[in-house]
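See structure below.
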Protein chains: 2
Amino acid sequence: MITSHNGPQPADFTDVRATNLAVVLRFVRENAPCSRADIAASTGLNKATVSSLVADLIDRRLLRETGLTEHRVGRPATMLVLDGSPYAAIGIEVNVDYITAVAVDLKGEELLNWRRSFPGGTSGPGQAVVAMAALARRVVSRMTKEARQVLGLTVAVPGLVDVDGIVRVAPNLGWRDADLAGDLTKALRDPGFPVLVDNDANLAALAEHRFGPHRNAANLVYVTGEVGVGAGIVLDGRLRRGGQGYSGEIGHLELDPAGPVCRCGRRGCLEAVAGVGAILAHTAPDASPSDLELEIDEVVRRARNEDREVLGLLENLGRHLGRGMAAVANLLNPEVVILGGYYVPLAPWLVGCAEEEMYGRVLAPGGGGCRLEVSTLGYGAAALGAAARVLDSVDSGRLPAQR
Amino acid sequence: MITSHNGPQPADFTDVRATNLAVVLRFVRENAPCSRADIAASTGLNKATVSSLVADLIDRRLLRETGLTEHRVGRPATMLVLDGSPYAAIGIEVNVDYITAVAVDLKGEELLNWRRSFPGGTSGPGQAVVAMAALARRVVSRMTKEARQVLGLTVAVPGLVDVDGIVRVAPNLGWRDADLAGDLTKALRDPGFPVLVDNDANLAALAEHRFGPHRNAANLVYVTGEVGVGAGIVLDGRLRRGGQGYSGEIGHLELDPAGPVCRCGRRGCLEAVAGVGAILAHTAPDASPSDLELEIDEVVRRARNEDREVLGLLENLGRHLGRGMAAVANLLNPEVVILGGYYVPLAPWLVGCAEEEMYGRVLAPGGGGCRLEVSTLGYGAAALGAAARVLDSVDSGRLPAQR
DNA sequence: TTAGTTAGTTCCATAGCCAAACAAATGCGG
DNA sequence: CCGCATTTGTTTGGCTATGGAACTAACTAA
């Protein structure tokens, strides 16, 4: 059945066309190279219809014909692949001390990945907007030079972003109520493509859903392991943002009213007992936020050397994390919970005990089929997801205009 | 945009038609009585299209023309209303000691509501199936006598029900791995309508989403307050069941590792500190499950008389409940969390402190717009939701065949 | 060379939407 | 009482896009 996913909106032929174009596009992405006949056979669309759809997609340069198959009985098939070359999607991740920009083509191939250090945390998003606009302009001009059309730009922000793209609170950046999308659009002066803003965990979840090894899971939760802990929730194949866009705020899930004090003032929050800060508070109490990566490296080194203290801390963290993930698994029953951020390098010492705690607490038989996995996308997951969000709108049928 | 909600399924004209029929049907339900012109103006569909759709729906006896409007400039409009009369949807709720069956028409008007006490908890679902089949047959024959076609039957079960409708675990009933839907279909011998099974909290959430005062909220969570505590989750307008159908298992959310022992063996589960059992353990430690309602009445009486002990217990329960709901609100950011079951009579003494705790813990500004409300649908919410589930499939375009 | 097989296109019928013209039924102003 | 404006709902024609069937294309195998 076809269902408009938000409310009852009437459908007409353009919707049918858009849906079917999206079906073909997705099929080719997931099964390239493939022939028109393959598409028809697998999707159930008529051969004639597929031909028409493919012609349309080739016209828009979203697909490309490659060689023929040979050495088979029957007429050789002309194979189709995604044509990455004429388009690009841009994702930008803002953080306390740096900005990352990535550009990907339709396949998700990374075209560039630029990081720029950035003295943030000063006074509202003004400087960040200037810096992002400058970086974005350079990315756009590079893409233009490569004869690519930019389909859109999305910014990943570590904080609460509402459904309209307003950054309500970004504690680490010190922002409140910032209309980042609007400001950035203005700074780019009629960029000719949509500029969106979303939460970093949401976008990382999107990246996993699109590019990760669990991309066929319709239900997954991505958990960021930074100083703060947040989650992005994909259910039934789509990001679920909640009523106002604030879903996934898992960091202050209260695990233990007698636990250590959290920066939010309460005790025993997930963030306080299972955020990476819980370890660094012991191993490097005076580290500045910008040294985080180095400090984590140090923790990994000590864990490798079987440093008792660090191993104990990690096990403790893993157990708390597992308890938090049990709450997620019980409430949402996703196929997989993916640990990201600094949990990735620490995973060898975390996942075992976290899983143990989690499975011990999940009520559903067999843990509800929920696995605990480690992200393979690395630190750039949010930026990649930001770009993926642009591709998502293409995927759902909003194709770029014909050439 | 049209989006197939699970995976990329191709669309054709029948899908457009089904979508638009559903749009008109929903519009009339929510705006009856209304004219064809109203529908066209509000939905954006063409007048001609609306006429055709309405004719189709009248043919299928889902709509009916009532009188004309008068005393207005212009041609009087023929008003349309849902034609409840020729159809019925049946919902059945199984519980430890009784079975409830309700039948509703398309409008959700209750046609009958039968409760039958039932000595459950014996040995698997065999007896229950016999009892349900007997009850269902009586309901069906009554509906047939009223010249109604039964569109479907859904059973609400307090337990884990997987996506295929298999009851995996129903602790209070003592069932495991029961193919209730299959058994009941067999017992009814080719009933001519679909028989489905789902979790009671899920179905109650559906009832709230369709009939409750917050029916326009696209994101809501329903929490059952029985001995066990479970949740049904509606996000972006649809029930979200998770990967295997086990979402909403909130009862063993661990609120306090030092709390009282839960029947699951761990400590401080939501169910143990905020289930109604947490009160009855003090006020009526020897009560049998079947006396639950009476015992709760007694608690209400004592609370009304400002019994110190009971008021203290209720406040304590409310605070714990608020902490649990904070977790839900932070993770999902619904517009509303609806308390059901025995929380309803206890609400006057619970909601205040629960809200206080919840809002103190929700990170999003303004609590993310998440309110804590009390169900108005009463104990029959699950059965009503079971019937609503049948109506949902009509709503999403699977209309009954033409007469 | 011929038969068999698979790929993709062309042609036509059909479904169902929209726009516009039209018919129907009313109130209102002169 | 009569035209006129107003609103409703139907009819007609045009358009888009799907599906089915026939057809062309290009290859392998014997």
Side-chain angles (χ1 to χ4, degrees), chain A residues 2 4 8-24 27-28 31 33-59 63-80 397 399 402, chain B residues 1-2 4 8-24 27-28 31 33-59 63 65-80 397 399 402:
Chain A
I2 286 189
S4 154
Q9 273 153 315
D12 67 5
F13 300 109
T14 60
D15 296 314
V16 175
R17 189 69 175 177
T19 303
N20 289 340
L21 284 168
V23 166
V24 172
F27 185 88
V28 175
N31 299 278
C34 60
S35 68
R36 291 169 175 80
D38 294 337
I39 300 172
S42 298
T43 61
L45 287 162
N46 189 280
K47 283 198 299 174
T49 309
V50 170
S51 273
S52 148
L53 292 164
V54 165
D56 209 346
L57 291 169
I58 288 177
D59 258 14
L63 295 186
R64 193 161 43 85
E65 292 186 339
T66 110
L68 305 180
T69 48
E70 281 164 56
H71 306 300
R72 276 193 347 203
V73 178
R75 171 175 165 178
T78 56
M79 302 309 266
L80 299 164
L399 305 188
Q402 225 134 331
Chain B
M1 241 300 294
I2 287 187
S4 154
Q9 273 152 317
D12 67 2
F13 301 111
T14 61
D15 296 315
V16 174
R17 189 69 176 178
T19 304
N20 289 341
L21 284 168
V23 166
V24 171
F27 183 88
V28 175
N31 299 278
C34 61
S35 69
R36 292 168 173 81
D38 294 337
I39 300 172
S42 296
T43 62
L45 286 163
N46 189 280
K47 283 197 299 174
T49 309
V50 170
S51 273
S52 149
L53 291 165
V54 165
D56 210 347
L57 291 169
I58 289 177
D59 258 14
L63 295 186
E65 291 187 339
T66 107
L68 304 180
T69 49
E70 282 164 55
H71 306 302
R72 277 192 346 202
V73 179
R75 171 177 165 178
T78 55
M79 302 309 266
L80 299 165
L399 304 188
Q402 225 134 331

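These figures come from a predicted structure and were not determined experimentally. Below, chain A is the first sequence line, B the second, and so on; all start at residue 1. Just so it is clear, the values below take in all heavy atoms, side chains as well, and ignore hydrogens, waters and symmetry mates.
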Is the phosphate of dG16(C), meaning OP1 or OP2, less than 4.0 Å from a side-chain N or O of T49(B)? no
Per nearest nucleotide of DNA chain D, the residue lying toward the 5' end, G74(A) or L21(A), is L21(A)
Has T78(A) got a side-chain N or O lying under 4.0 Å from the OP1 or OP2 atom of dA7(C)? no
Separation of E65(B) atom CD from dT8(D) atom P, in whole Å? 15 Å
Output yes when at least one side-chain N/O atom of T14(A) is less than 4.0 Å from OP1 or OP2 of dT16(D), else no. no
Heavy-atom closest pair, residues R36(B) and T78(B): NH1-OG1, 3.0 Å
Grab the two heavy atoms, one from L80(B) and one from S35(B), that are nearest each other, plus how far apart they are. CD1-C, 4.4 Å
Does a side-chain N or O of S35(A) approach OP1 or OP2 of dG8(C) to a distance below 4.0 Å, or not? yes
Using modelled atom types only, decide if a donor and an acceptor are shared between the side chain of D56(A) and the backbone of L53(A) within a distance under 3.5 Å. no
Minimum heavy-atom distance I39(A)-C34(A), with the two atoms named: CG1-SG, 4.1 Å
Mapping K47(A) and F13(A) onto DNA chain D by nearest heavy atom, which one lands closer to the 5' end? F13(A)
Students often get this wrong, so: under 4.0 angstrom with heavy atoms, is A48(B) touching a base, only sugar-phosphate, or nothing? base
Are N46(A) and dG20(D) close enough that a side-chain N or O sits under 4.0 Å from OP1 or OP2? yes
The side chain of V16(A) lies closest to which of these nucleotides: dG8(C), dC18(C), dT18(D)? dT18(D)
Side chain of R75(B), base of dT7(D): donor and acceptor closer than 3.5 Å? no
Between P on dG9(D) and CG on L63(B), what's the gap in Å once rounded to a whole number? 13 Å
Does a side-chain N or O from N20(A) land closer than 4.0 Å to OP1 or OP2 of dA17(D), or not? no
Whole-Å distance between dG14(D) C1' and D12(A) CG? 15 Å
In whole angstroms, how far is the P atom of dT9(C) from the CG atom of D56(A)? 13 Å
Test V24(A) against V54(A) for side chain to side chain contact (heavy atoms under 4.5 Å, CB included), laying out the working first. CA-CA 8 Å; V24(A) 172; V54(A) 165; 4.2 Å; yes
How long is the line joining CG of D15(A) and P of dC15(D), in whole Å? 20 Å
Report the distance from atom CG of L45(B) to atom C1' of dA19(C), rounded to the nearest whole Å. 14 Å
Gap between atoms CD1 and P, on I39(A) and dG8(C) respectively (whole Å): 9 Å
State which of dG19(D), dT5(C), dA17(D) makes the closest approach to the side chain of R17(A). dA17(D)
